[in-house]
Amino acid sequence: MNQEKKRIGALIVDDEPLARHTIRDLLADEPEIEVLGECKSGHEAVNAIRRQSPDLLFLDIQMPGMNGFEVLARVEHERIPAIIFVTAFDEYALKAFEVHALDYLLKPFNDKRFKEALKQAKKRVELGEISKLSQSLLAVLGEKANAQSIGGLRKRYLSRFMIRAGGRVTFIQVSDVDWIGADDYYIKLHVGPKSHLLRLSLNELEQKLDPRKFLRIHRSTIINSDRLRELHQNPNGEYIVVLKSGVELKLSRNRRERLEQLLTNDYD
């Protein structure tokens, strides 16, 4: 009998290219894992799961068009693999366990946390426990009331950031952030005189923030509108946003109208 272990087939589902790239890079050091493919939408994920029958699924929860829970509701129960949910919303953690996910990764996660989740996933796959998990998952997803509550989660916005540094975890309220800037493959949160790096793309974060409070004023900058002090134009025609802290940030010409609309609404 051939004792060679079968490689674990993994599928990565996330609408953000950076998030998919990060997971693929982390899996590159895992000889037991074979990445079967990547999907950037829920519709692609449903088709890929049916076609490729992965053993392990890294599944983003918040995706446009079809969220992660809706993906699983559309897949035949015998095809549901081990699931590690990936999310930027800590309030989704409880929901993930309610539908019996193997684990969840809260963005931004570090390498150690990723390896912990992957270790448990590999163990469950090797022990053949996925069928039991998928049947339990199916029972929850099949409830109409649960499906309605899942749909309602799509309207929630991020309420806090979780910062891991030096063995400590710190929570920062989103409302306390002055502005956010892109920094290579990271974002930098500016909170008063302090700043914090997170491994998350600005495009992905923009979708998680309340658009009534946070506005993207440049391809590399998002501001908290409550921190806005004034808007002025330089002699060269360039518009500058000035925050209450005195920080000056460039305003893209094609985003000026949206900012002025936001300011006008504040006075309606």
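Just so it is clear, the values below take in all heavy atoms, side chains as well, and ignore hydrogens, waters and symmetry mates. Everything numeric here is computed off the predicted structure, so don't read it as measured data.
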Worked verdict on I240 versus Q233 for side-chain contact (heavy atoms from CB on, under 4.5 Å): CA-CA 6 Å; I240 299 296; Q233 187 176 17; over 6 Å; no
Nearest heavy-atom neighbours spanning H190 and S195: ND1-CB, 4.1 Å
Side chain to side chain, L209 and I180, heavy atoms closer than 4.5 Å: yes
Heavy-atom check, side chain of L243 versus side chain of W179, under 4.5 Å: yes
E32/R7 salt bridge by N-O under 4.0 Å criterion: no
Check: L27 and F58 side chains under 4.5 Å, non-hydrogen atoms: yes
Minimum side-chain heavy-atom gap I49-V71 below 4.5 Å: yes
Validation row: R24, I12 side chains within 4.5 angstrom (heavy atoms): yes
Euclidean distance, L158 CG relative to L205 CG, rounded to 0.5 Å: 7.0 Å
More than 12 heavy atoms of other groups within 6.0 Å of Y186 OH: no
Partner residues of R51 under the salt bridge (Lys or Arg N to Asp or Glu O under 4.0 Å) criterion, sequence neighbours left out: none
Hydrophobic cluster identity match, L228 and V247, side-chain contacts under 4.5 Å: yes
Atom pair CG/CZ of D176 and R160 - distance to nearest 0.5 Å: 12.5 Å
From K194 atom NZ to K188 atom NZ, the distance as rounded to the nearest 0.5 Å: 15.0 Å
Inter-residue atom distance E238.CD - K250.NZ, 0.5 Å rounding: 4.5 Å
Nearest-0.5 Å distance, CG of residue L36 to CG of residue D55: 7.5 Å
Pair E30 + K122: basic N to acidic O under 4.0 Å: yes
Exercise: identify the closest heavy-atom pair between D178 and R227: OD1-NE, 2.7 Å
Criterion side-chain contact (heavy atoms from CB on, under 4.5 Å) on L56 and I83, from CA distance to verdict: CA-CA 6 Å; L56 176 61; I83 304 157; over 6 Å; no
Flag, side chain of E44 to backbone of K40, donor-acceptor distance under 3.5 Å: yes
Any K244 side-chain heavy atom under 4.5 Å of D226 side chain: no
Pairwise side-chain contact, I163 with I172, heavy-atom cut-off 4.5 Å (strictly under): yes
Side-chain donor or acceptor of K115 paired with backbone N/O of L26 under 3.5 Å: no
Donor-acceptor contact below 3.5 Å, side chain N234 vs main chain Y239: no
R229 CZ: over 12 foreign heavy atoms closer than 6.0 Å: yes
Between S41 and H43, a side-chain donor and acceptor under 3.5 Å: no
Qualifying residue for side-chain contact (heavy atoms from CB on, under 4.5 Å) with L57, from I80, L72, I84, V75: L72
Distance, nearest 0.5 Å, that separates OG of S175 from CG of N224: 7.5 Å
Nearest heavy atoms of L18 and L200, plus distance in Å: CD2-C, 4.1 Å
ILVMFWY network linking L249 to L251, side-chain heavy atoms under 4.5 angstrom: yes
hydrophobic_cluster_shared for F214 and L189, side chain cutoff 4.5 Å: yes
All pairs passing side chain to side chain donor-acceptor pair (under 3.5 Å) where residues 13-23 contributes a residue, at least two apart: D14-K107, E16-S201, R20-E38, H21-D25
Residue pair V241, H218: steps toward the side-chain contact (heavy atoms from CB on, under 4.5 Å) verdict: CA-CA 11 Å; V241 167; H218 189 271; over 6 Å; no
Over all atoms of both residues, closest heavy-atom pair of A48 and P54: O-CD, 4.5 Å
R113 side chain to E116 backbone, donor-acceptor under 3.5 Å: no
Side-chain donor-acceptor contact under 3.5 Å, N203 with R216: yes
T221 side chain to G181 backbone, donor-acceptor under 3.5 Å: no
pair F114-I23: side-chain heavy atoms closer than 4.5 Å: yes
Common cluster, V177/V242, ILVMFWY with side-chain heavy-atom separation under 4.5 Å: no
Shortest non-hydrogen contact between A45 and L11, atoms and distance: O-CD2, 4.4 Å
